[in-house]
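A short write-up of the structure that comes next.
Letters A, B, ... mirror the listed sequences (proteins, then strands); counts begin at 1. Because only heavy atoms are used, hydrogens play no part in the values below, and waters and symmetry mates are left out as well, while side chains stay in.
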Protein chains: 2
Amino acid sequence: MKLITRNTDYSLRALIYMAKKGGIVSVRELERALKIPRAFLRKILQALNKKGILASQKGPGGGFRLLVAPKDLRLLDVASIFQGRVRLNECLFKRKACPDIRKCPLKRELDNIESYALRRLGAISLAALLK
Amino acid sequence: MKLITRNTDYSLRALIYMAKKGGIVSVRELERALKIPRAFLRKILQALNKKGILASQKGPGGGFRLLVAPKDLRLLDVASIFQGRVRLNECLFKRKACPDIRKCPLKRELDNIESYALRRLGAISLAALLK
DNA sequence: GACAAATGATACTAATATAGTATCATTTAT
DNA sequence: ATAAATGATACTATATTAGTATCATTTGTC
Ligand code: FES
Ligand code: FES
């Protein structure tokens, strides 16, 4: 039961590195600095690129560059990319077993926990991780 | 990212059924009532038995019986059986990458979410699920 | 005692999700 | 021209979760 997966984890480390350094950073450099497998990192950064969080530059001297301001990038934004819609439960309505969904105390509780988690993940920005 | 797994889910349904009905209930009966695969249910109930939540009775007319009072059984107790220690993050201290664990805002935040989740899971009892 | 109905124990398989690799195409600075 | 970078995408590996199968043991009933 992990709140954030490795994709998200690696993304954050790369983003932190890029935010601190500024400008264009190649995957090769990130691999050296962060000790993250290059091919995997590439896939991850390409995803961030598609989502508009990074911009890319091909060719020698190329790489990726942070497009958004660190204070505007939320942990939830990153997690959502790799972990789809971040849900902690889908409960049992597909499979009934619960007399009345609206009154179900289990669902209510799990929903509550989920929304708390989402609120917190949505509140922490990349800027906050930079110290 | 699921807060509770199927093991836990099925356990709860079985426990609710047993609490409502009282007395000894066979897996066969539970299978019919809850539409959960029998072999799987058996494995689950045997685990609950080992943990002292249920008692078992062999032979014809046998089955399982709830040993603990519904108000004393927490959702967290059940989840813990199948999901090991319920942790939402182990963060990155194994893999460093973080300058100072004690000050890390990411770890602090994830820990916070986790402890909230555990507190809530620990607060809801089987009795509360019975309506 | 024979038998059938139940659980105990445990090994095995299947499905899914996560993690990671490999390859070829395209762009671009020199 | 070449090499260094990303783009796209298919593939493999590992771990976790879900579920099945089988044989042994206990026990109520006739
Ligand atoms: S158990 Fe999920 S809606 Fe009730
Ligand atoms: S990132 Fe986990 S301790 Fe800092």
Side-chain angles (χ1 to χ4, degrees), chain A residues 1-11 13-14 18 23-32 34-65 67 79 81-90 92 95, chain B residues 1-11 13-14 18 23-32 34-65 67 79 81-87 89-90 92 94-95:
Chain A
M1 191 169 68
K2 282 177 257 162
L3 207 43
I4 65 174
T5 66
R6 209 108 108 204
N7 277 322
T8 303
D9 173 341
Y10 287 172
S11 292
R13 296 197 229 172
M18 295 170 84
I24 284 189
V25 181
S26 74
V27 172
R28 206 173 281 272
E29 174 177 352
L30 287 167
E31 176 192 30
R32 274 194 299 264
L34 306 176
K35 306 281 194 294
I36 295 172
R38 183 138 123 253
F40 194 26
L41 240 191
R42 285 188 64 204
K43 195 164 71 165
I44 290 169
L45 296 191
Q46 284 178 9
L48 295 176
N49 181 21
K50 279 188 183 162
K51 292 291 179 176
I53 292 170
L54 300 177
S56 71
Q57 169 66 43
K58 289 178 178 177
F64 295 88
R65 161 176 74 83
L67 260 193
I81 292 171
F82 302 106
Q83 307 175 216
R85 175 158 173 234
V86 178
R87 304 223 69 220
L88 291 179
N89 87 91
E90 304 179 32
L92 326 172
R95 343 168 137 255
Chain B
M1 191 167 70
K2 281 176 261 162
L3 207 43
I4 66 173
T5 65
R6 209 108 108 203
N7 277 324
T8 303
D9 172 342
Y10 288 171
S11 291
R13 296 197 228 171
M18 294 170 85
I24 285 189
V25 180
S26 73
V27 173
R28 205 172 283 271
E29 174 177 351
L30 287 167
E31 176 192 32
R32 273 194 299 264
L34 307 177
K35 306 280 195 294
I36 295 171
R38 182 139 124 250
F40 195 25
L41 240 192
R42 285 187 64 203
K43 195 164 68 166
I44 290 169
L45 296 191
Q46 285 178 9
L48 294 176
N49 180 21
K50 279 190 184 161
K51 292 292 179 177
I53 292 170
L54 300 178
S56 71
Q57 170 66 45
K58 289 179 179 175
F64 295 88
R65 162 176 72 82
L67 258 194
I81 292 171
F82 301 106
Q83 308 175 213
R85 177 158 170 231
V86 178
R87 304 222 69 218
N89 88 92
E90 305 179 34
L92 324 173
K94 289 172 186 165
R95 344 167 135 253

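- Side-chain contact between Ile53(A) and Ile81(A) is present, with at least one heavy-atom pair separated by less than 4.5 Å.
- With DNA chain C read from its 5' end, the first of the two nearest nucleotides for Val25(B) and Leu41(A) is the one closest to Val25(B).
- The minimum heavy-atom distance linking Ala14(B) with Leu45(B) is given by the pair CB-CD2, 4.2 Å.
- If you take CD1 of Ile44(A) and P of dG20(C), they are 8 Å apart, rounded to a whole angstrom.
- A close approach under 4.0 Å does occur between a side-chain nitrogen or oxygen of Gln46(B) and OP1 or OP2 of dG8(C).
- Of the candidate nucleotides dT17(D), dT6(D), dT21(C), dT17(D) has the atom lying nearest to any side-chain atom of Lys2(B).
- A donor-acceptor pair under 3.5 Å is formed between the side chain of Ser11(A) and the backbone N or O of Asn7(A).
- Nearest heavy-atom pair, Phe64(B) versus Met18(B), reported as atom, atom and distance to 0.1 Å: O-CE, 3.1 Å.
- Across the protein-nucleic acid pair, Leu3(A) atom CG and dT18(C) atom P stand 13 Å apart, rounded to whole Å.
- Rounded to whole Å, atom C1' of dT27(C) lies 13 Å from atom CD1 of Ile24(A).
- Nucleotide dT6(D) holds its P atom 8 Å from the CG atom of Leu45(A), rounded to whole Å.
- Contact check, Thr5(B) against dA18(D): a side-chain N or O comes under 4.0 Å of OP1 or OP2.
- The side chain of Ser56(A) contributes an N or O atom lying less than 4.0 Å from OP1 or OP2 of dG7(D).
- For dG19(D), the OP1/OP2 oxygens have a side-chain nitrogen or oxygen of Tyr10(B) closer than 4.0 Å.
- Listed by first and then second residue, the side-chain hydrogen bond (donor to acceptor under 3.5 Å, both in side chains) pairs that reach into residues 52-61 of chain A are Asn49(A)-Ser56(A), sequence neighbours excluded.
- Nucleotide dA18(D) holds its P atom 10 Å from the CD1 atom of Ile4(B), rounded to whole Å.
- For the OP1/OP2 pair of dG7(D) and a distance below 4.0 Å, the side-chain nitrogens and oxygens of Asn49(A) include at least one atom meeting the criterion.
- Here Lys43(B) does not reach the OP1 or OP2 of dA9(C): none of its side-chain N or O atoms lies under 4.0 Å away.
- In this structure the side chain of Phe82(A) reaches within 4.5 angstrom of the side chain of Leu48(A), judged on heavy atoms.
- Identified under the salt bridge (Lys or Arg N to Asp or Glu O under 4.0 Å) test for residues 23-32 of chain B, with sequence neighbours left out: Lys21(B)-Glu29(B), Glu31(B)-Arg38(B).
- For Arg42(A) against dG7(D), a side-chain N or O and a base N or O form a donor-acceptor pair under 3.5 Å.
- At least one side-chain nitrogen or oxygen of Arg6(B) sits closer than 4.0 Å to the OP1 or OP2 atom of dG19(D).
- Here the side chain of Phe40(B) is nearest to one of dA21(D), dA8(D), dG19(D), namely dG19(D).
- Between the CG atom of Leu30(B) and the P atom of dA5(C) there is a distance of 18 Å, rounded to whole Å.
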Protein-nucleic acid N or O pairs under 3.5 Å, nucleotides 28-30 of chain C:
none

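- Side chains of Leu67(B) and Arg65(B) form a contact here, defined as non-hydrogen atoms less than 4.5 Å apart.
- As a whole-Å value, the separation of Leu54(A) CG from dA5(D) P is 17 Å.
- For Glu31(B) and dG19(D), the CD to C1' distance is 13 Å, given to the nearest whole Å.
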